[in-house]
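Accompanying notes for the structure given below.
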Amino acid sequence: MIRFRSVGFVLGQLIGAIAVSMLVPLGYALYVGDALGPIALPLVITGAVSLTLMLLAGRPARDLSQREALLLTVAAWLALALFGCLPFMFTPHFNGFTDCFFESVSGFTTTGATVLPRVEVLSPSVQLWRCFTHWLGGLGIIVLALAVLPLVGHGGMQLYRAEFSGARSEKLKPRVAETARALWMVYVGLTVVEIAALKAAGMSYFDAACHAFGTLGTGGFSTNTASIGGFHNPTIEWIIILFMLFGGMSFIQHFRLWIGRDPFPVFRDLELRGYLAIILAVSAVISVDLIWRSGYEFERAIRGAMFQVVSIITTTGFITEDFELWSPLCHVLLLALMFVGGCTGSTSGGLKVARVMLLGRLVDREFKRMVEPRGVFAVRFSGQVMTERSIQSLLNLLYVVLAVYFLACVLLTAIGLDLVTSISAVAATMFNVGPGLGAVGPMDHYGGLPIAAKWVLSGCMLAGRLEFYTVLVLLTPAFWRR
């Protein structure tokens with residue numbers, strides 16, 4: 001039986017964490033003399049709801065079951081989107097609740113899809129909150145909560161697994177709260193280093209902080225409508241390429257490097273090598289295509305191709321070029337990278353490189369079985385033999401992903417979107433990338449889509465961020481059965 005009082009109490013604390021997070025843009029508004037209303041009023045509302053929910057729930061049980069952790073995970077992300085959109089609702093630049101909710105979901109899921117034709121119209125404090133949602137959602141505010149909420153107790157591992165995909169197989173510390181704190185230590189450290197690097201390259205501290213939030217969170221919101229391309233600074237582009245690469249790597253590997261262990265085992269990691277190999281191979285193909293078809297200079301071709309490839313595979317979504325003007329070959333490759341995503345245990349979306357590589361090994365095994373029907377072939381990955389249960393789980397996930405993808409595409413075409421826009425918009429939101437093709441291309445926005453389409457895509461963003469099962473399991477009768 002699900003203990004709703006326990007779930008409600010922890011949810012109240014998580015909502016309180018959102019209110020505390022709003023102190024960052026509020027402090028900046030006080031510093032620059034910005035209007036306080038768009039941040040102060042949402043902070044008061046969010047804090048009041050948090051206190052009310054905790055008082056009504058009373059003293060909960062210490063442990064959370066796995067079902068309660070799954071319910072709390074989904075409820076927490078809905079609360080993030082709902083209360084996170086309040087600062088947008090108190091500004092005149094969003095067309096109603098749907099647009100505010102879409103922007104908030106896009107921020108916290110680190111998708112980076114925007115409904116704004118021009119982002120410069122927002123006040124500095126709202127701009128900061130908009131980019132800060134990437135940073136909070138990147139590693140997961142639930143992981144942050146686990147670092148400071150001992151109430152979750154032994155059920156914390158279930159909540160940690162439900163939220164942080166890829167951490168299932170390995171913990172850095174014996175206790176989950178210590179693991180969460182270790183991950184955030186790395187996350188904060190990398191953010192500070194990137195802010196310093198971007199400032200040295202010519203950005204203001206404000207722009208550097210906002211883009212560092214988006215880079216390490218693999219988001220994509222920018223303070224400039226033209227995104228990174230609006231700064232016209234190759235040094236800034238190379239710095240962001242480097243930190244997007246970091247954002248797409250497993251934070252477990254980051255932690256190992258951080259504490260000074262031997263780096264060679266990190267770079268012998270099979271998934272990391274596959275991740276880097278995909279980036280180099282696709283970047284090389286696109287660079288040659290840009291030089292051959294579009295007449296790009298060598299350095300610009302390398303930089304433009306590398307930036308967009310890293311931005312798409314890490315599902316960050318920053319842009320420097322209107323890649324919709326590139327050849328269909330480039331479009332196909334970039335669309336494929338949306339499905340691949342970054343490494344397991346990173347802030348990236350997508351299927352993850354390890355899963356894609358494992359699928360390739362499964363296909364190879366089937367070919368071997370066709371040649372030698374009586375042979376017994378084990379599937380190995382990173383030196384470990386994969387169990388049949390793990391393989392079946394992977395195939396089930398792939399089926400769910402394709403089913404949700406097809407259903408969402410059908411819904412968008414039924415609403416009235418063209419095929420290219422529907423296919424790319426679902427991929428860009430479901431895998432938390434941001435820019436797509438067609439009406440949602442790199443130089444366009446999602447504001448012109450019908451309201452129904454925005455709700456479908458909001459659902460895609462949440463499902464993709466929570467790896468599908470976490471959301472879909474709540475729709476099954478078995479989950480609610482006593």
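Heavy atoms only, all atoms of each residue included: F468 and V401 are closest at CE1-CG2, 3.5 Å. Closest of all the heavy-atom pairs between C330 and I286 is SG-CG2, 3.9 Å. Annotation for T344 and E271: closest pair N-OE2, 2.7 Å, computed over non-hydrogen atoms. Looking at every heavy atom in both residues, D444 comes nearest to A439 through CB-O, 3.3 Å. Summarising the geometry of A305 relative to S283, their closest heavy-atom pair is CB-O, 3.7 Å, with the distance given to 0.1 Å. Between G438 and V420, the closest heavy-atom pair is N-CG1, 4.1 Å.
Separating the CG atom in L82 from the CZ atom in F97 is a distance of 5.5 Å, to the nearest 0.5 Å. Considering CG of L351 and CG of L358, their distance stands at 12.0 Å, rounded to 0.5 Å. Between atom CD1 of residue I319 and atom OG of residue S227 there is a gap of 5.0 Å, rounded to the nearest 0.5 Å. To the nearest 0.5 Å, atoms CE (M249) and CG (L272) are separated by 5.0 Å. For the atom pair CG (L394) and CG (L359), the distance works out to 4.5 Å, reported to the nearest 0.5 Å. Taken to the nearest 0.5 Å, the CD1 atom of I313 stands 5.0 Å off from the CD1 atom of I278.
By the neighbour-count criterion of 12 heavy atoms within 6.0 Å, atom CZ of F406 is sparsely surrounded, having that number or fewer from other residues, nucleotides or ligands. Crowding of I451 atom CD1: a count of heavy atoms from other residues, nucleotides or ligands under 6.0 Å not exceeding 12. Around atom CH2 of W292, no more than 12 heavy atoms belonging to other residues, nucleotides or ligands sit under 6.0 Å away.
Looking at residues two or more places apart in sequence or on another chain, you find no side chain to side chain donor-acceptor pair (under 3.5 Å) involving S458.
With 3.5 Å as the limit, one finds a donor-acceptor pair spanning the side chains of T114 and E103. Using a 3.5 Å distance cut-off with no hydrogens or angles, the side chains of S393 and S390 do not pair a donor with an acceptor. When only modelled atom types and interatomic distance are considered, D289 and S327 share a side-chain donor-acceptor pair under 3.5 Å. Looking only at atom types and distance, the side chain of S104 has no donor-acceptor partner in the side chain of R130 under 3.5 Å away. Using a 3.5 Å distance cut-off with no hydrogens or angles, the side chains of T347 and T218 do pair a donor with an acceptor.
With a 4.5 Å cut-off on side-chain heavy atoms, R293 and W326 do not count as touching. Counting only heavy atoms from C-beta outward, the side chains of V363 and F367 approach each other to under 4.5 Å. Side chains of T429 and V456 form no contact here, defined as non-hydrogen atoms less than 4.5 Å apart. Looking at heavy atoms from C-beta onward, V379 lies out of side-chain contact with V385 at the 4.5 angstrom threshold. When side chains are defined from C-beta on, D99 counts as touching N95, because their heavy atoms get closer than 4.5 Å. Side-chain contact between L78 and L462 is present, with at least one heavy-atom pair separated by less than 4.5 Å. Within the 4.5 Å cutoff, side-chain heavy atoms of F323 are placed close to those of L334. Contact annotation: the side chain of I391 approaches that of L362 to within less than 4.5 Å [non-hydrogen atoms, C-beta and beyond].
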V115/H445 under side-chain contact (heavy atoms from CB on, under 4.5 Å): CA gap, chis, key distance, verdict: CA-CA 6 Å; V115 295; H445 56 88; 5.5 Å; no
CA sep, side-chain torsions, deciding dist, call: V356, F339, side-chain contact (heavy atoms from CB on, under 4.5 Å): CA-CA 9 Å; V356 174; F339 285 81; over 6 Å; no
Residues W455, F101; criterion ring-ring contact (aromatic ring centres under 6.0 Å, His included); working and verdict: CA-CA 9 Å; W455 283 108; F101 186 82; 5.0 Å; yes
Trace of the side-chain contact (heavy atoms from CB on, under 4.5 Å) decision for K454 with Y446: CA-CA 8 Å; K454 293 173 185 174; Y446 287 74; 5.6 Å; no
Check against side-chain contact (heavy atoms from CB on, under 4.5 Å), D418 and T421: CA-CA 5 Å; D418 65 88; T421 299; 2.7 Å; yes
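Judged purely by atom type and a 3.5 angstrom limit, S311 uses its side chain to pair as donor or acceptor with the backbone of G317. S348 contributes a side-chain N or O that, together with a main-chain N or O of T314, makes up a donor-acceptor pair within less than 3.5 Å. Side-chain atoms of E237 do not come within 3.5 Å of backbone N or O of T320 as any donor-acceptor pair. Judged by distance alone, with hydrogens and angles left aside, the side-chain atoms of D364 form no donor-acceptor pair with the main-chain N or O of G360 at under 3.5 Å. The backbone N or O of I312 lies less than 3.5 Å from no partner atom in the side chain of T315, so there is not a single donor-acceptor pair. Looking only at distances, a side-chain donor or acceptor of S222 sits under 3.5 Å from a matching main-chain atom of N224. Here the side chain of R465 pairs a donor or acceptor atom with the backbone of G138 at under 3.5 angstrom. No donor-acceptor pair closer than 3.5 Å links the side chain of T215 to the backbone N or O of F243. S294 places no side-chain N or O within donor-acceptor distance of the main-chain N or O of I291, the cut-off being under 3.5 Å. One N or O on the side chain of Y275 and one on the backbone of L245 form a donor-acceptor pair closer than 3.5 Å.
Salt bridge R300/E321: present, at least one basic N to carboxylate O contact under 4.0 Å. Classification of R365 and E372 as a salt-bridged pair fails, no side-chain N sitting under 4.0 Å from a carboxylate O.
F318 and H211 have tilted rings, their planes meeting at an angle from 30° to 60° on a 0 to 90° scale. Classified by interplanar angle (parallel below 30°, tilted 30° to 60°, perpendicular above 60°), the ring pair W77/F108 is perpendicular. Using bins of under 30°, 30° to 60° and over 60° for the plane-to-plane angle, the ring pair F213/W135 lands in the tilted bin.
Aromatic ring centres of H134 and F221 lie closer together than 6.0 Å.
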